[in-house]
Number of protein chains: 2
Amino acid sequence: MTGVQLRAGLANADLIAVLVAVTDNEPRVMTLRAGEALPSGPFESQHRSLQSGLRDWIESQTGHPVGYLEQLYTFADRDREAPTEAGGVRRISIGYLGLVREQVTPGTGQPQWHGWYEYFPWEDHRDRRPLVLDSITDRLDSWAGADALRRERVDFLFGQNGLPWNEDLALQRYELMYEAGLAESPSRPAIERFGRPMTGDHRRILATGIARLRAKIKYHPVVFELMPDSFTLLHLQRTVEALSGLRLHKPNFRRQIDQQELVEETGEMSSGTGGRPAKLYRYRPTVLQAQALAGPRLPVSRH
Amino acid sequence: MTGVQLRAGLANADLIAVLVAVTDNEPRVMTLRAGEALPSGPFESQHRSLQSGLRDWIESQTGHPVGYLEQLYTFADRDREAPTEAGGVRRISIGYLGLVREQVTPGTGQPQWHGWYEYFPWEDHRDRRPLVLDSITDRLDSWAGADALRRERVDFLFGQNGLPWNEDLALQRYELMYEAGLAESPSRPAIERFGRPMTGDHRRILATGIARLRAKIKYHPVVFELMPDSFTLLHLQRTVEALSGLRLHKPNFRRQIDQQELVEETGEMSSGTGGRPAKLYRYRPTVLQAQALAGPRLPVSRH
DNA sequence: TCCAGATGTACTCATCCAGAGTATAAGGAG
DNA sequence: CTCCTTATACTCTGGATGAGTACATCTGGA
């Protein structure tokens with residue numbers, strides 16, 4: 001590393017996938033070992049890129065094509081697994097986020113889908129502010145003690161003291177809880193109250209995926225990768241709500257959707273689930289929208 | 001991979017850093033081998049995380065602390081290096097983006113700083129639309145031929161046919177040029193016109209860093225990591241302009257800065273570089289802002 | 001049959017912010 | 001003293017966003 005010299009290390013490498021679907025207005029992730037682990041697999045394959053290899057594998061597992069696949073993060077800290085195996089070989093995992101269409105049945109094979117709020121119950125604010133949050137902030141407050149910096153972080157991340165709840169901060173919330181000893185730790189009983197645990201750092205990887213997806217749906221039309229071919233606007237809204245863990249304002253949501261011209265009517269109507277039948281829509285992909293959309297802008301001078 | 005089984009592969013791994021500084025209103029990257037390569041180094045170290053190991057190394061190389069360090073992407077395609085070494089071992093590199101304070105002298109040692117627009121001359125739109133763009137779009141148009149999809153991509157990425165130039169798409173532009181054979185390729189002479197080449201896929205990695213940084217400065221106050229302790233508002237603006245490759249509207253830029261309350265006056269004035277002396281400001285970091293800022297919002301229902 | 005409840009759809013209104021332009025203040029150079 | 005450059009403070013306008021209201025159209029049950 002000094003100077004020009006390249007000295008490459010050998011590493012133990014694999015892929016880990018956060019595979020998301022939304023069924024019955026509930027976001028779900030594909031898991032193994034009765035919900036304890038995220039699917040992971042070997043690094044080597046005949047494919048040119050990791051991405052295409054992973055894509056193939058997922059399709060063979062779920063029977064559905066992967067609509068969207070994105071590299072999340074590469075996890076390589078020394079203490080990822082509880083007992084680090086001896087020797088200088090570091091274990092690294094490249095995490096991916098994948099979106100698949102809604103599944104009718106969870107599949108007959110090994111992989112199972114679990115609602116992601118089982119792992120992060122405090123992240124679901126659709127009905128009400130979840131009750132667990134009180135226990136959590138209690139614990140965090142005593143962890144913070146007199147440390148002003150810690151207090152500020154807690155307030156900011158968990159929407160205390162008049163600060164708003166920000167759904168994008170899921171990862172940072174989990175990391176803070178981990179730091180404060182509320183997540184994975186030796187003392188089992190108290191833990192179950194704060195969401196279902198997973199092996200190793202899989203829960204952190206899942207949190208990374210959730211945070212990324214929540215941020216992404218705001219400026220990139222990826223939600224449609226989770227929708228069936230035709231859907232009602234409410235169905236679409238419920239899906240976004242499921243992912244973000246928030247309730248949205250219906251008229252405004254509709255206005256946004258149609259002024260972005262992302263969907264078009266199929267001409268059919270839904271066979272009502274209760275009230276008045278709704279128009280069915282389909283996604284209208286465009287090259288332009290597919291790549292980038294809106295987002296905050298710099299105050300560019302035009303001329 | 002089938003079922004629960006984990007099968008990990010061994011891989012050849014290293015780190016690659018895109019280290020950015022802004023000097024004299026020019027964004028620069030740290031390079032080795034006379035500007036041909038990005039600095040890269042071994043994977044293994046005694047540090048718990050890659051991040052902290054890399055941080056140490058950079059500080060030893062530049063003599064300055066790294067203000068901001070972020071994982072960029074993990075590059076692992078089979079054809080990264082021209083002649084793939086035989087055997088099943090895939091070469092992977094974890095790319096990082098680092099920001100360091102402005103350098104007075106480029107350093108006496110091996111590493112050199114090069115303006116990043118040497119590598120991407122078509123990305124600098126501060127003075128005028130760069131002239132190279134004409135040659136590029138000519139070549140791309142003939143590459144697209146009658147293919148409507150290709151045409152649309154070219155128009156969108158390069159701001160043709162009335163579409164606006166979008167500075168964030170630097171990576172996608174480079175990838176399109178690569179796909180069309182305008183970037184790295186056997187035929188040297190024509191290439192030099194389209195920016196200085198680098199070894200392997202280093203130029204792509206650099207493009208990734210540029211694109212990420214350009215996107216980031218819009219919703220996260222990372223520019224300040226590139227600024228000296230005190231600075232004028234115009235200096236700050238010039239730095240943002242250097243990174244984004246755009247000219248900004250001065251009054252609006254100032255308005256944005258002060259309504260975000262990111263800076264405070266030091267009380268001193270600049271010893272004028274020409275016109276009226278300007279107030280000096282310093283960055284005012286806050287926990288709140290440090291973590292997340294503004295950004296597009298979902299139409300949340302509040303009550 | 002008709003009403004209650006649920007859903008779908010179309011408006012209005014106020015506020016805020018971003019893009020754009022203009023005007024004035026305060027220094028240096030000739 | 002005048003011109004040039006930079007700094008700083010306003011104004012104006014349009015569009016997007018948050019919030020609320022009104023009305024349409026179905027199902028199911030009293």
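Values below: all heavy atoms of this structure, side chains included; hydrogens, waters and symmetry mates excluded. Chain naming here is simple, since letters A, B, ... match the order of the sequence lines and numbering starts at 1 in each. What you are looking at is a predicted structure, and each value in this text was computed from that prediction instead of being measured.
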Residues which pass salt bridge (charged side-chain N to carboxylate O under 4.0 Å, His left out) with [X], listed by chain and number, not counting sequence neighbours:
X: B/Asp134; answer: B/Arg129
X: A/Arg28; answer: none
X: A/Arg254; answer: none
X: A/Asp127; answer: A/Arg247

Given [options], which nucleotide is nearest the side-chain atoms of [X]?
X: A/Gln256; options: C/dT9, D/dT6, D/dT17; value: D/dT17
X: B/Pro251; options: C/dT7, D/dA9, D/dG20; value: D/dA9
X: A/Pro277; options: D/dC26, C/dT22, D/dA7; value: D/dC26

Exercise for review: Could you tell me whether B/Leu233 contacts a base, only the sugar-phosphate backbone, or nothing, with contacts defined as non-hydrogen atoms closer than 4.0 Å?
Suggested key: nothing
Rounded to the nearest Å, what distance is computed from the [atom1] atom of residue [X] to the [atom2] atom of nucleotide [N]?
X: A/Phe253; N: C/dG8; atom1: CZ; atom2: P; value: 12 Å
X: A/Gln259; N: C/dC11; atom1: CD; atom2: P; value: 15 Å
X: A/His249; N: D/dA19; atom1: NE2; atom2: C1'; value: 5 Å
X: A/His235; N: C/dT7; atom1: NE2; atom2: P; value: 14 Å
X: B/Glu265; N: D/dT8; atom1: CD; atom2: C1'; value: 11 Å
X: B/Gln237; N: D/dT6; atom1: CD; atom2: C1'; value: 12 Å
X: B/Asn252; N: D/dT8; atom1: CG; atom2: P; value: 16 Å
X: A/Glu268; N: C/dG8; atom1: CD; atom2: C1'; value: 18 Å

Check the interface with nucleotides 28-30 of chain C: list each N/O to N/O pair with the protein under 3.5 Å, or write none.
unit_1	atom_1	unit_2	atom_2	d
C/dG28	O4'	B/Gly274	O	3.3

Output the distance between atom [atom1] ([X]) and atom [atom2] ([Y]), rounded to the nearest 0.5 Å.
X: A/Glu123; Y: A/Tyr174; atom1: CD; atom2: OH; value: 12.0 Å
X: A/Phe120; Y: A/Leu206; atom1: CZ; atom2: CG; value: 4.5 Å
X: A/Ile136; Y: A/Arg173; atom1: CD1; atom2: CZ; value: 9.5 Å
X: A/Phe158; Y: A/Met177; atom1: CZ; atom2: CE; value: 5.5 Å
X: A/Leu213; Y: A/Leu226; atom1: CG; atom2: CG; value: 6.5 Å

Revision key, fill the gap. Residue set satisfying ring-ring contact (aromatic ring centres under 6.0 Å, His included) with A/Tyr73, at least two apart, ordered chain then number -> A/Phe75
Below 3.5 Å is the cut-off: list the nitrogen or oxygen pairs between protein and nucleotides 13-16 of chain C, distance only.
none

Spell out, as yes or no, whether a donor-acceptor pair under 3.5 Å connects the side chain of [X] to the backbone of [Y].
X: B/Asn166; Y: B/Asp168; result: yes
X: B/Arg212; Y: B/Gln71; result: yes
X: A/Arg101; Y: A/Ala21; result: no
X: A/Gln237; Y: A/Leu248; result: yes

Exercise for review: Taking side-chain hydrogen bond (donor to acceptor under 3.5 Å, both in side chains) as the test, write out the residues that go with A/Asn161, two or more places apart.
Suggested key: A/Asp155
Review point. A/Arg282: what forms a side-chain hydrogen bond (donor to acceptor under 3.5 Å, both in side chains) with it, not counting sequence neighbours?
Key: A/Glu264
Exercise for review: Please evaluate the base of C/dA26 for a donor-acceptor partner in the side chain of B/Arg276 within a cut-off of under 3.5 Å?
Suggested key: no
Quick test: give all pairs of protein nitrogen or oxygen and nucleotides 2-4 of chain D nitrogen or oxygen below 3.5 Å, distance rounded to 0.1 Å.
none

Study note, to complete from the structure: Rounding to the nearest 10°, end axes of the helix from C/dT1-D/dA30 to C/dG30-D/dC1 built from five pairs each make an angle of 10°
All N/O contacts under 3.5 Å from nucleotides 28-30 of chain D to the protein, with atom names and distances to one decimal?
none

Practice item. Take the angle between the ring planes of B/His220 and B/Tyr68 and call it parallel below 30°, perpendicular above 60°, tilted in between. Key: tilted
Review point. Between B/Lys279 and D/dA7, is there a side-chain N or O to OP1/OP2 distance below 4.0 Å?
Key: no
